Every structure is written in C-alpha cells, then in structure tokens.
Amino acid sequence: MQGGGALGAYQAGVYEALADSPWQPDWIAGISIGAINAALIAGNAPGARVAALRDFWESVTGHPGHMRHKMGLSRFFPEPREAGAVSALLFGQPGFFEPRPTFAWLASPLPESIYDTSALKATLERLIDFDLINDGPIRLSLGAVEIKTGNFEYFENRPRHGKPATRIRAEHVMASGALPPGFPSVEIDGRHYWDGGLVSNTPLQYVLDTDPRIDRLAFEVDVFAARGPVPTTLPEALEREKDIRYSSRTRAGVDGFKRLHDLRVAIGELWAMLPEAARESPEGRRFHELGCISSIDVVELVYRPKQQQGQSKDYAFGRDTMRERWAEGFANAGEVLRLAPWEAPFPPGLGLRRSDPLNPNKIPDEDA
C-alpha cells in the first residue's frame, strides 16, 4: 500500500472487498497512510478489520471544529474536495493532526513541523491491538527513513536476514507517515525517522526482493497512477507531477525485478536438465543457488478517478470525498476479484507476471 494521505481511503475500500474473498493477506507492507491502513488490518481480528478501518476514516474526516463553518469555506470553495483540502490545511483533522499554535512560531527555536500529530498516537492505540500485530498471523512491514543516514528502513514484526523482529508500536506506524515539513519526525530508540515516501512511496519492491523463491500473489494498491495523460492546464500539470513523483517509478523497479526473476527461473529450469554429476559439482551447486522455480503474480489496483482531483487531492480529507474513494476502491477490487487474472495458467519460462486488469489504456504485451 502506497503513501498518499487522504487517498488512502481507496485502499480501505479495496481491503473491504478482499475481506470477503478467499484471498486473505498473510503479509501487508505499507508506507505512510498505507502503513496506517496496514496496521489497522493486521492489528484487528478478521471480522473487525473493516470496522476498524471505517472507524479511523470516519473519525479523521470529521469536521475539525466550528471555525470551518463560521469562515464559510464552502462559499469560496464550492467544490467539496477543495473545501476539504483547505480545511485540512487551516485546521487539521480530528484524531490525526492539528496546526501548532501561533505562539509556537514566535518562540526560538522554531518548531520542526507545521502540524502536531500527538492525536494520531491516541487514535492508533484506540483502534489497533499491537499485541495482535506482534504475535498474530500477519506479517507487517512499515517503511520509514532514518534521518541521520538517509537510509530506507523497514520495521517488521518478523525476524529477517538475521535481524530480530521489531516489536511494533504506534510510534513505528507514525514514523512511516511523518512527512516533513508538515509532520514532525518520530523518535524510536534514540533514532529519528521521517516518512518512507521520501525515498520510495511504494513498498512493492521490498516485498518482491524479500524471499523471492516463494510462490506468491501480491496485490499492489497504488493511489498515485504512474501512467496518465499529458496535461494541458496548470492544475492538470500540478496533479500529474505529483502522480509521477509519488508513484516512485514502481514500474521501472518491478520491470528490473522481473528481468532478474525470469533469469532465475531460466537458470532453475536449466539446472534441472543437467546430469546428476553436473548438478553435484561445485559449479552445479552454485548454479542451483542462483536459480529458482517460483511464480510471482503482481496484480495492480490503481486509483484512477474519472474526474480531475487536483494537486491537493492527498490532503482533501472531506468525508464525502473519503466515501467516494472508499466506494471506488471497493468496486475496483470486486471487479479484479471477478476477473482473477492470477487464476490463468502461468506462462512457461516466466518468473513474474504482472497484470493491470482495470487499465483502459494498457499497451498490449507491455509487461510481457
């Protein structure tokens, strides 16, 4: 699940459709708002996950206070999405973030962020069972950036590569979504973190690179579309620029992994054809280590709204807008589950198959 602020409601709708399907996740990776949605899913029992997601999204898209109505934002911004974005900028969102008081900007030194996110910690701890995350069945990976080194880091509730599991807390979820300069950094065990989207807004590459020799079906839920039309107006250009920036070159990364994994499969198939003596030679054993025969399906679910959303779309937290995005995610996931491209026979000689069944502008054989 990508980062994308208010666009994360689309991801919640996608999960609601998956919740009633046979395709239940055993591993969820998220960055920023994707990390929050991921933690809400992993930190609740199956029957309570959709309710927890809905509670969060209904809570944080409530009106932040009476001042919004006194100022009459709807008169200046008649489009609800724009009014919601301006409201979030001026007043924050309940249970999520709020502007720092004016006197904070008259002091020295100045604050490190525009908003305070203390309320988010209480919201997460109210809605998420962190013991269930740490001891439960779902693997959870949350991407963040360590500020001093600038390195990308994943907090995981499972041991990996000789590293012990991280005991996930609300702070780890918040660190993944601490996007500067809006939100403050989060300190964890003496180290400070910012939003993982500063390095890569999409955790798919990490999922693919980890344990590539295991057959898997991965749903890639993106809220910024990598593909899109050439803009003809300034508002369109600002929105398209944001889409390109935060889609994090997902396709290029997956295309590189695909070439590598297809090669692994070719090596594995070739190794199986070798005589026994050649297999047992030092060169043959090395060949075996380099190859594999796993099949990986990556299915895209991308938020592609029919109407222009504007460059403020990721902080347009209006409740009606949230519900529209949730409904679109639910409908899109339902259609993808109906089409089920992963159930088609896997092509021979292929290691990774990528499908984007809802993309009306797909280039034939682009991902072949």
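Just so it is clear, the structure is predicted and the values come from calculations on it, not from any experiment.
To the nearest 0.5 angstrom, Tyr303 atom OH is 10.5 Å from Phe224 atom CZ. Rounding to the nearest 0.5 angstrom, the gap separating the CG atom in Leu301 from the CD atom in Gln11 is 10.5 Å. The line from CZ of Phe152 to CD of Glu146 is 13.0 Å long, rounded to the nearest 0.5 Å. To the nearest 0.5 Å, atom CD of residue Glu324 and atom CD of residue Gln309 are 8.0 Å apart.
Aromatic ring orientation, Tyr115 versus Phe183: perpendicular (interplanar angle above 60°, classes split at 30° and 60°).
For Arg286, the CZ atom counts as loosely surrounded, since its 6.0 Å shell holds 12 or fewer non-hydrogen atoms of other residues, nucleotides or ligands. The neighbour count for Ile293 CD1, taken as heavy atoms of other residues, nucleotides or ligands under 6.0 Å away, does not exceed 12.
Contact between Arg264 and Leu290 at its shortest, heavy atoms only, is CG-O, 3.6 Å. The minimum heavy-atom distance between Gln93 and Phe317, with the atom names listed, is CD-CB, 3.4 Å. Summarising the geometry of Pro99 relative to Gly92, their closest heavy-atom pair is CD-N, 3.9 Å, with the distance given to 0.1 Å. Of all the heavy atoms in Ala225 and Arg240, the pair that sits closest is O-NH1, 3.2 Å. Between Asp356 and Glu300, the closest heavy-atom pair is OD2-OE1, 3.1 Å. Nearest heavy-atom pair across Leu132 and Asn44 is CD2-C, 3.4 Å.
Side-chain N or O atoms of Ser200 include one that pairs as donor or acceptor with a backbone N or O of Thr202 at under 3.5 Å. Between the side chain of Ser21 and the main chain of Leu18, a donor-acceptor pair closer than 3.5 Å is present. Formation of a donor-acceptor pair under 3.5 Å by the Asp195 side chain with backbone atoms of Ser32 is not found in this model.
In this model, a donor atom of one side chain and an acceptor atom of the other lie less than 3.5 Å apart for Tyr206 and Glu156. In this structure, a donor-acceptor pair under 3.5 Å is present between the side chains of Trp27 and Ser141.
Note: the hydrophobic cluster containing Val50 also contains Ile28 (ILVMFWY, side chain heavy atoms under 4.5 Å, direct or indirect links).
In summary, Arg325 and Glu328 do not engage in a salt bridge, as defined by a charged side-chain N under 4.0 Å from a carboxylate O. Checked for salt-bridge contact, Glu239 and Lys242 miss the test: no charged N lies under 4.0 Å from a carboxylate O. By the 4.0 Å N-to-carboxylate-O rule, Arg353 lies too far from Asp262 to be salt-bridged with it. A salt bridge links Asp211 with Arg139; the closest basic N to acidic carboxylate O contact falls under 4.0 Å.
The list of salt bridge (charged side-chain N to carboxylate O under 4.0 Å, His left out) pairs with a residue in residues 168-184, not counting sequence neighbours, reads Lys121-Glu171, Arg169-Glu171. Applying the salt bridge (charged side-chain N to carboxylate O under 4.0 Å, His left out) test to pairs two or more places apart or on separate chains, those with a residue in residues 8-35 are Glu16-Arg54.
A heavy-atom distance below 4.5 Å is not found between the side chains of Glu98 and Ser118. Looking at Phe219 and Pro25, their side chains never come closer than 4.5 Å, going by heavy atoms from C-beta outward.
Thr233 is linked by a side chain to side chain donor-acceptor pair (under 3.5 Å) to nothing, counting only residues two or more places apart in sequence or in another chain.
For the pair Arg279 and Trp271, the cation-pi test (distance below 6.0 Å, angle within 45°) is passed.
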### Task
Evaluate side chain to side chain contact (heavy atoms under 4.5 Å, CB included) for Ile214 paired with Ser294, printing each intermediate quantity in order.
CA-CA 6 Å; Ile214 298 174; Ser294 63; 5.9 Å; no
### Task
Decide yes or no on salt bridge (charged side-chain N to carboxylate O under 4.0 Å, His left out) for Asp222 and Arg227, but give the supporting numbers first.
CA-CA 11 Å; Asp222 289 351; Arg227 291 192 188 97; over 6 Å; no
### Residues Arg160, Thr210; criterion side chain to side chain contact (heavy atoms under 4.5 Å, CB included); working and verdict
CA-CA 9 Å; Arg160 69 193 192 283; Thr210 304; 5.6 Å; no
